[in-house]
Amino acid sequence: LAYRKYSFVNWCPSCVTVLANEQVIDERCWRCESIVVQKELEQWFLKITDYAEELLQRCDELEGWPERVIAMQKNWIGKSTGVEVDFKIDGMDEHIRIFTTRQDTLFGATFVCIALIHPLTEKLFSDKDGLENLKTRYGRMDEKSGLFTGFRAINPMNGEKIPIYVANFVLMEYGTGAIMSVPAHDQRDFDFAQKYSLPVRVVIVPPTHPSPPRGEGEGGGEGLLSAITEAYEGEGVLVHSGQFSGLKSAIARERIAQFIEDKGIGKRVVNYKFRDWGISRQRYWGTPIPVIYCEKCGIVPVPEKDLPVILPENVKFKGKGGSPLLESEKFINTECPVCGGKARRETDTMDTFVDSSWYFIRYCLRKGNIDLASALRSLESEVRYWMPVDQYIGGIEHAVLHLLYSRFFVKVMRDLGLIDFSEPFKNLLTQGMVIKDGAKMSKSKGNVVDPNHLIQKYGADTLRLFSLFAAPPEKDLEWSDKGVEGAYRFLKRLWGIVYKNSDKLRVTSYEYKDKNSSLITHHSSQLLRKTHQTIKRVTTDIEREYHFNTAVAALMELVNEIASFKPGTHEDWASLRFSVERALLLLSPFAPHVAEELWEALGNKSSIFEERWPDWDEEIAKEERIELVIQVNGKLRSKLLIPLGITDDEIKEMALQESKVKDIVGRKTIKKVIVVKGKLVNIVIGG
RNA sequence: GCGAGAGUGGCGGAACUGGCAGACGCGCUGGACUUAGGAUCCAGUGGGUAACUCCGUAGGGGUUCAACUCCCCUCUCUCGCACCA
């Protein structure tokens, strides 16, 4: 899966290193944002494309992943199925192999285009100056351009001779570096045909087209229409396509693919945009690529017993980028593990993403210096217990980097028999980024809000609480200091409640079994209900979607109720203490320092962090009365407090007796009454 | 162009499977206590209206007793990929 090849690679001149395709963002380096250039180098690659199909297929298993990330990965892999077909070159013992996903439009091909750097280009092109001109002027593809080679290709479907162009928009890296051009059914080809006055032949008519002409007008100039103003790229019915005329495109694709294979002029193929992963980096800080180059034996892997290769420590950093390993003679010069002769170490290190592709597996193993392979294979392996990761959290920026590489690594490790699962992360939460002045907050951009002055003014707990309260985690957050005050006030209020009443609160204790005691006052039991409801809400909000913002909001509601609670009896004080304690427990993950401090102020001797997370009692949490919403024709007209456990008929009767309802209904006929249990009544009346 | 997501008060955001739109917080308005208030507390706060009530979840249609939520069309924004044949 690891191989070395000489090729054009992405090169960051500022970092003085190679970058993977995934690390180039809008033609810029992912780390320093310098413009990336292409450089021809011999580099190490990992054959991630061997796993393209599995990486794609298993996307469907990633149920706990956001749709967006899955879409990005599928898109990145970029699978397309089609055919490769050979077009003979007229008067030459050569052919051009083209790739197309639309073999149903083969009869509409009116010219062929090959890439500027296609192997045949030099051969076919007599006008060397013109070619150079094209390369220099239009190599960047700002505008579609091409030149006629003077040669023609023979369309194997109908024997037609069509011109061969060299075109700047044809990519050598994808497919075969050559295409058939069907201007009637591909907009790019259409634009090109317009520019160079090439013929346009319609071979697909939309399915809604009135009675497609079947089998008529074969060959010759028939079907050549110049009237159309844009390409029709959709599905339809074939016309002017010989024996295939009259077929629907989907069926025709199948039949024509079969025809091509039967005739031996081409075959079905699958193409991916996905490229192999270049992992060589000209950096010091990375895992050395464990390879030795021997003058006699060539490339020799460092034997397992000599692993890991340790980076030398006494190297000179010049601060100009590039790897200092290149100048460390001690590191470079070594012996060949095979013949013992003079050899040289690889000085490139691995892409940082190689390490991060499997660290989560290593993290499961507690022991320090271990034989990793045997540890993984052991049946008692902690990896078996912990993996796959239940919940992974990271930024969206890893969608086609870390998250793709890790999926690849896990599959490779599985195929090596080291692990027995295929996907590393069951659930994925892509948390939003903090945005400042329209850009992602980052050190390199310098648009960072220094939290220190806010911490000095309000404390770390306030800042944390506010950050969690501001937005749900998956959302981007445009940072603003506004609102920090609110979190601060909230904590201060709770603080005040505890310290103002600490004498009374300290001496009381709440006995859970007293919940039905007749001593419990009405407002006391209301507070207890709210407390249990809050425990439930906070717990489920955290567990369900990590929605800390609504969890904090629920906590604020509880504290509001606590603040307005006026204890009278001893039992009231006990209820208050219970509520305050629960509130502190619920608060402890969000504002640990304040929670711990107040916990102690209540007279507790041990840390709040040694307490269990509180449970709620569904019975106590239940409202004893519900507010019934009364609608007439779907519009809110009245509300009614009703006790629990009342029948639908009774609810109906109560609603109809409501004076407001009576006014509105008047003499009109009641068509229907809909009762939604415990919630609402809707009375439908006639006009 | 393709793919994904989003659009709710002045602002950040709530609303679980269709069932009270605007929870909670910021801000704002008025009041109390105050030498003072940028502290605290109380009341109010989607819009129009004196009020009944009406209008409101980007816009337009539809389904439904009932739509922020479901369906169709349109617009805007964000992100990803992109002459990928």
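First the proteins, then the strands, lettered A, B, ... as listed; each starts at 1.
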Answer syn or anti for B/G9, where the cut-off is 90° from 0 on the glycosidic torsion.
syn
Sugar-phosphate, base or nothing in reach of A/Pro66, heavy atoms under 4.0 Å
nothing
Determine the contact category for A/Arg68: base if any of its heavy atoms lies under 4.0 Å from a base atom, sugar-phosphate if only primed atoms, P, OP1 or OP2 are that close, otherwise nothing.
sugar-phosphate
Inter-nucleotide [atom1] distance ([N], [M]), Å rounded:
| N | M | atom1 | answer |
| --- | --- | --- | --- |
| B/G7 | B/A15 | P | 12 Å |
| B/A85 | B/C72 | P | 27 Å |
| B/U45 | B/G25 | C1' | 14 Å |
| B/A67 | B/G61 | C1' | 14 Å |
| B/A23 | B/G13 | P | 15 Å |
| B/C79 | B/G9 | C1' | 27 Å |

Determine: side-chain N/O of [X] to OP1/OP2 of [N], distance under 4.0 Å, yes or no.
| X | N | result |
| --- | --- | --- |
| A/Lys672 | B/C65 | yes |
| A/Asn682 | B/C20 | no |
| A/Arg489 | B/G38 | no |

Within 45° of the ring axis of A/Phe169 and under 6.0 Å from its six-membered ring centre, is that where the NZ or CZ of A/Lys144 lies?
yes
Whether A/Phe353 and A/Trp30 hold their rings parallel, tilted or perpendicular, with breakpoints at 30° and 60°:
tilted
Where does the angle between the aromatic ring planes of A/His402 and A/His398 fall among parallel (under 30°), tilted (30 to 60°) and perpendicular (over 60°)?
perpendicular
Between [options], spot the one nearest the side chain of [X], thanks.
| X | options | result |
| --- | --- | --- |
| A/Lys273 | B/C79, B/C84, B/G27 | B/C84 |
| A/Thr100 | B/A85, B/A4, B/G3 | B/A85 |
| A/Lys492 | B/G19, B/A39, B/C65 | B/A39 |
| A/Arg493 | B/C20, B/C41, B/C65 | B/C41 |
| A/Leu477 | B/G25, B/G12, B/A15 | B/G12 |

Any strand is fair game: report the nucleotide pairing with B/G80 by Watson-Crick or G-U wobble, both distances under 3.5 Å, or none.
B/C2
Which one is paired to B/G7, where only Watson-Crick or G-U wobble pairs with both distances under 3.5 angstrom count?
B/C75
Please give, in whole Å, the distance from [N] [atom2] to [X] [atom1]?
| X | N | atom1 | atom2 | result |
| --- | --- | --- | --- | --- |
| A/Glu485 | B/G38 | CD | C1' | 9 Å |
| A/Asn549 | B/A23 | CG | C1' | 11 Å |
| A/Met180 | B/C84 | CE | C1' | 15 Å |
| A/Asp186 | B/A82 | CG | P | 18 Å |

Distance-minimising heavy-atom pair for A/Ala487 and A/Thr462:
CB-O, 3.9 Å
Please report the interatomic distance CD1(A/Ile114) to OG1(A/Thr149), rounded to the nearest 0.5 Å.
6.5 Å
